[in-house]
Amino acid sequence: MNTADQYLKTIYVVQDSEDGPASTGSIADALGVSPASANEMIGKLEERGLAEHEKYKGVTLTDDGIVRARDALQTYCIIERFLANVLAVEDFQAEARELEAVIDDTVAERLDTIIDRQPECPDCFDPESDACACLEIAATPVEPEQQ
């Protein structure tokens, strides 16, 4: 997955959560980049026919952009589930964000055979928790209060 795919994935998720065009500020915040950097990449996505940007209204993905965004989101979920469910990595989300930019389709496909991806993927992704809903994370036990 490359940087463009990370933007597409983010736009897709923000667009879904905002129930309309994704604001440049929301995209920049979600990716931890400046609004200027987000605008630059949005322009590149628009040139490639993957997104449409209307000033002061936001960004929407084209049909091709949606397909690539869903593929990127599915890859992210695969990485997340592998790290959390198979390797039991505690900070799996931070690791998944780092790895998503460098894992290619072949590696993602091989990880997919290990995690037994659900047919609803990538619709299993929960933007509020920034995680795949199919994660098998045990709840952390809460210590009883001392009296």
Side-chain angles (χ1 to χ4, degrees), residues 1-140:
M1 182 186 309
N2 59 39
T3 304
D5 288 338
Q6 288 175 300
Y7 271 84
L8 291 169
K9 176 188 75 132
T10 301
I11 293 167
Y12 180 81
V13 170
V14 170
Q15 199 176 297
D16 186 53
S17 67
E18 292 183 358
D19 199 27
S23 71
T24 304
S26 295
I27 296 165
D29 288 346
L31 289 167
V33 299
S34 70
S37 293
N39 266 326
E40 183 180 339
M41 180 54 84
I42 290 165
K44 290 177 183 178
L45 294 174
E46 196 168 22
E47 288 171 10
R48 296 176 193 167
L50 299 170
E52 296 172 350
H53 182 224
E54 195 172 335
K55 244 184 182 166
Y56 307 113
K57 293 207 177 186
V59 182
T60 55
L61 296 176
T62 63
D63 289 343
D64 288 343
I66 290 170
V67 168
R68 280 205 34 198
R70 287 181 59 80
D71 287 345
L73 186 56
Q74 182 170 292
T75 297
Y76 180 78
C77 284
I78 289 168
I79 296 166
E80 212 177 45
R81 289 185 60 208
F82 178 75
L83 291 169
N85 297 354
V86 177
L87 299 181
V89 173
E90 193 170 317
D91 195 3
F92 65 90
Q93 289 170 307
E95 287 292 330
R97 284 190 289 275
E98 292 289 323
L99 289 173
E100 74 177 319
V102 295
I103 288 188
D104 66 15
D105 291 340
T106 303
V107 173
E109 287 172 18
R110 290 181 182 167
L111 292 176
D112 188 18
T113 63
I114 296 169
I115 65 159
D116 190 31
R117 179 173 37 95
Q118 304 301 306
E120 64 269 15
C121 189
D123 296 323
C124 57
F125 186 78
D126 176 24
E128 289 224 3
S129 65
D130 188 31
C132 174
C134 300
L135 291 172
E136 298 167 7
I137 303 171
T140 306

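Annotation for T75 and A108: closest pair CG2-CB, 3.9 Å, computed over non-hydrogen atoms. The minimum heavy-atom distance linking G49 with D64 is given by the pair O-CB, 4.5 Å. Of all heavy-atom pairs spanning T24 and P35, the tightest one is CG2-O, 3.9 Å. For L45 against A4, the heavy-atom pair with the smallest separation is CD2-CB, 3.9 Å. Among all heavy-atom pairs drawn from A51 and T62, the shortest one is N-CG2, 3.8 Å. In plain terms, the two heavy atoms of E80 and F125 that are nearest each other are OE1-CE1, 4.5 Å.
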Point to revise | Test log, rule side-chain contact (heavy atoms from CB on, under 4.5 Å), inputs V102 and L99 | key: CA-CA 5 Å; V102 295; L99 289 173; 4.3 Å; yes
Point to revise | Test side-chain contact (heavy atoms from CB on, under 4.5 Å) applied to V59 and Q15, step by step | key: CA-CA 8 Å; V59 182; Q15 199 176 297; 5.7 Å; no
Practice item. For side-chain contact (heavy atoms from CB on, under 4.5 Å), just list the numbers for R81 and F92, CA-CA rounded to whole Å, side-chain angles, deciding distance to a tenth of an Å, and then say yes or no. Key: CA-CA 8 Å; R81 289 185 60 208; F92 65 90; over 6 Å; no
Check your understanding: So E100 and D5, side-chain contact (heavy atoms from CB on, under 4.5 Å) or not? Walk me through it.
Key -> CA-CA 9 Å; E100 74 177 319; D5 288 338; over 6 Å; no
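Here CG of D112 is found 11.0 Å from CD1 of I79. Values are rounded to the nearest 0.5 Å. To the nearest 0.5 angstrom, I27 atom CD1 is 8.5 Å from Y7 atom OH. With values rounded to the nearest 0.5 angstrom, E90 atom CD is found 11.5 Å from E95 atom CD. Here the CD1 atom belonging to I78 is positioned 7.5 Å from the CG atom belonging to L111, to the nearest 0.5 angstrom. Rounded to the nearest 0.5 Å, atoms CD (E109) and OG1 (T113) are 9.5 Å apart. The line from OH of Y12 to CG of D71 is 10.5 Å long, rounded to the nearest 0.5 Å.
Two residues are said to be in side-chain contact when any heavy atoms from C-beta on lie closer than 4.5 Å; I66 and R70 meet this criterion. Side-chain contact between S23 and E18: present, with at least one pair of heavy atoms (C-beta onward) separated by less than 4.5 Å. Looking only at side-chain heavy atoms (C-beta outward), N39 and H53 come within less than 4.5 Å of each other.
Between L61 and the choices V67, L50, L8, the side-chain contact (heavy atoms from CB on, under 4.5 Å) rule is met once, by L8.
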